[in-house]
Undergrad: 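Okay, handing you the structure first.
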Amino acid sequence: MTAQIIDGVALSRRIRSELAERAARLPQRPGLAVILVGEDPASAVYVRNKVKACAEHGLHSVLEKYDAGFAEAALLERIAALNADPSIHGILVQMPLPRHIDPHKVIAAIDTKKDVDGYSVLSAGELFTGMPGLRPCTPWGCMKLIESTGQSLRGKHAVVIGRSNTVGKPMALMLLQANATVTICHSATPDLAVHTRAADVVVAAVGRRDTLTAAMVKPGAIVIDVGMNRNDAGKLCGDVDTAGVAEVAGWITPVPGGVGPMTITMLLANTVEAAEAAMATPARA
Ligand code: NAP
């Protein structure tokens with residue numbers, strides 16, 4: 001194996017302990033509200049992990065669970081109440097929502113200052129225009145993983161596989177902002193390997209295992225695996241053939257233990273940042 005493993009668990013631990021110190025310095029604990037509508041088992045695990053991470057790092061969290069039939073209007077009312085609640089600095093509505101609820105409407109209802117998922121049109125606009133703001137957690141975590149290699153992105157060729165609004169597109173913008181030359185690939189890209197073989201950095205965010213194999217990777221490249229899939233044995237795996245690619249790449253993130261823990265870490269980071277901003281500018285009476 002030539003690649004160094006980028007340990008997302010160890011990096012998370014370091015960042016989380018800094019965040020706990022920042023949270024402890026504030027006059028009031030940073031507060032995160034997590035809303036779960038419906039009974040999707042994967043979503044239930046995600047929200048449980050988010051609430052647990054808050055408790056472990058000195059953040060206050062509120063979990064609101066509603067059944068799958070919860071009305072859209074009622075959800076919007078809850079968001080309005082949380083927008084006005086001074087003990088809450090971040091609001092996260094776990095996706096996917098039941099079909100009768102419009103996710104765009106729900107995300108738009110969240111105060112941009114509390115949009116700790118960074119999914120709103122305004123937050124996306126801030127990222128697009130290079131303004132400060134709350135960044136989507138998964139791509140921001142990927143940036144931290146790349147940064148931890150000590151390699152500068154300036155002038156590097158980065159290829160992002162996937163163009164979702166939550167991962168691929170914001171990832172590409174963050175890499176661009178870090179002065180990489182960026183290519184975005186997607187399901188209509190005819191020859192993925194032509195692009196990935198020329199890349200110094202590959203971020204795979206597809207949702208299909210073995211999308212990136214050793215023959216598709218430039219020797220020494222940094223490979224970030226965002227994917228979360230199951231292999232034939234039912235074990236969690238990413239989009240990358242990790243064993244094969246590790247023979248060629250310079251750095252690689254494992255699944256599990258790479259991007260996953262960093263996503264929650266950056267959610268904590270956004271909540272602390274939102275709390276710091278709120279406490280620096282007290283709301284007018
Ligand atoms: P998504 O919305 O389904 O987007 C997948 C993207 O992959 C789409 O842009 C799609 O292209 C592209 N794609 C599909 N097949 C392809 C192919 N054969 N070649 C090239 N591109 C292809 O998924 P997502 O929400 O971005 O998530 C991607 C993966 O990351 C999933 O496995 C998800 O579970 C995982 N994830 C992990 C974390 C974490 O914390 N670890 C967080 C978020 C997501 P089109 O646009 O053309 O359809």
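Everything numeric here is computed off the predicted structure, so don't read it as measured data. In listed order, ligands and their atoms are each counted from 1.
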Undergrad: Of all the atoms in ligand 1, which lie at a distance below 4.0 Å from a heavy atom belonging to R208?
TA: 18 (N)
Undergrad: Please confirm whether V206 approaches ligand 1 to less than 4.0 Å, judged on its heavy atoms.
TA: yes
Undergrad: Please list the nearest protein heavy atom to atom 46 (O) of ligand 1 with its residue and the distance rounded to 0.1 Å.
TA: R163 NE, 2.8 Å
Undergrad: If you count the atoms of ligand 1 from 1 in the order shown, which ones are under 4.0 Å from a heavy atom of G260?
TA: 40 (O), 41 (N)
Undergrad: Looking only at heavy atoms of A205, does any of them come nearer than 4.0 Å to an atom of ligand 1?
TA: yes
Undergrad: Considering only heavy atoms, does V167 approach ligand 1 within less than 4.0 Å through its side chain, its backbone, both, or neither?
TA: side chain
Undergrad: For the side chain of N229 and the backbone of G238, is there at least one donor-acceptor N/O pair under 3.5 Å apart?
TA: yes
Undergrad: Using the side chain to side chain contact (heavy atoms under 4.5 Å, CB included) definition, which of the options V223, V206, L212 pairs with D239?
TA: V206
Undergrad: Does H89 reach the main-chain N or O of E273 with its side chain, forming a donor-acceptor pair under 3.5 Å?
TA: no
Undergrad: Would you check the N or O atoms of A188, main chain and side chain alike, for any that come under 3.5 Å of an N or O of ligand 1?
TA: no
Undergrad: About how many Å separate CZ of R135 and CD of E126, when rounded to the nearest 0.5 Å?
TA: 7.0 Å
Undergrad: Look only at the side chain of D241 and the backbone of D210, and say whether a donor-acceptor pair between them is shorter than 3.5 Å.
TA: no
Undergrad: Atom 36 (N) of ligand 1: which protein heavy atom is closest, and how many Å away?
TA: V226 O, 3.6 Å
Undergrad: Using atom types as modelled and distance alone, determine if a side-chain donor or acceptor of S61 lies under 3.5 Å from a backbone N or O of A33.
TA: no
Undergrad: I need the S187 OG to L192 CG distance, nearest 0.5 Å.
TA: 11.0 Å
Undergrad: Give a yes or no on whether R99 atom CZ has more than 12 heavy-atom contacts from other residues, nucleotides or ligands under 6.0 Å away.
TA: no
Undergrad: Among all protein heavy atoms, pick the one closest to atom 10 (C) of ligand 1 and tell me residue, atom and distance.
TA: S187 N, 4.3 Å
Undergrad: Can you pull out the closest protein heavy atom to atom 1 (P) of ligand 1? Residue, atom name and distance to 0.1 Å, please.
TA: S164 CB, 4.1 Å
Undergrad: Identify, for atom 21 (N) of ligand 1, the protein heavy atom at the shortest distance, and state residue, atom and that distance.
TA: H186 C, 3.2 Å
Undergrad: Could you tell me whether T211 and ligand 1 have an N or O pair separated by under 3.5 Å?
TA: no
Undergrad: Determine yes or no for a side-chain-to-main-chain donor-acceptor pair under 3.5 angstrom, with K113 supplying the side chain and A278 the backbone.
TA: no
Undergrad: Which residue holds the protein heavy atom closest to atom 25 (O) of ligand 1, what is that atom called, and what is the gap in Å?
TA: T166 OG1, 3.9 Å
Undergrad: Which residue owns the protein heavy atom closest to atom 33 (C) of ligand 1, what's the atom, and how far is it?
TA: M228 N, 4.2 Å
Undergrad: Out of the candidates L92, L75, L63, only one should pair with I35 under the side chain to side chain contact (heavy atoms under 4.5 Å, CB included) rule; please name it.
TA: L75
Undergrad: Start with the C-alpha distance between D232 and R209, add both sets of side-chain angles, then the distance that settles salt bridge (Lys or Arg N to Asp or Glu O under 4.0 Å), and finish with yes or no.
TA: CA-CA 10 Å; D232 291 336; R209 68 183 154 117; 2.6 Å; yes
Undergrad: Using a strict 4.0 Å cut-off to heavy atoms of T263, name the atoms of ligand 1 that fall inside it.
TA: 39 (C), 40 (O)
Undergrad: If the cut-off is 4.0 Å to any non-hydrogen atom of I161, which atoms of ligand 1 fall inside it?
TA: 20 (C), 21 (N)
Undergrad: Could you identify the single nearest non-hydrogen protein atom to atom 31 (C) of ligand 1 and state the distance to 0.1 Å?
TA: G207 CA, 3.6 Å
Undergrad: My understanding is that we take every heavy atom of each candidate and find the minimum distance to atom 6 (C) of ligand 1. Doing that for G162, A42, G8, which one comes out nearest?
TA: G162
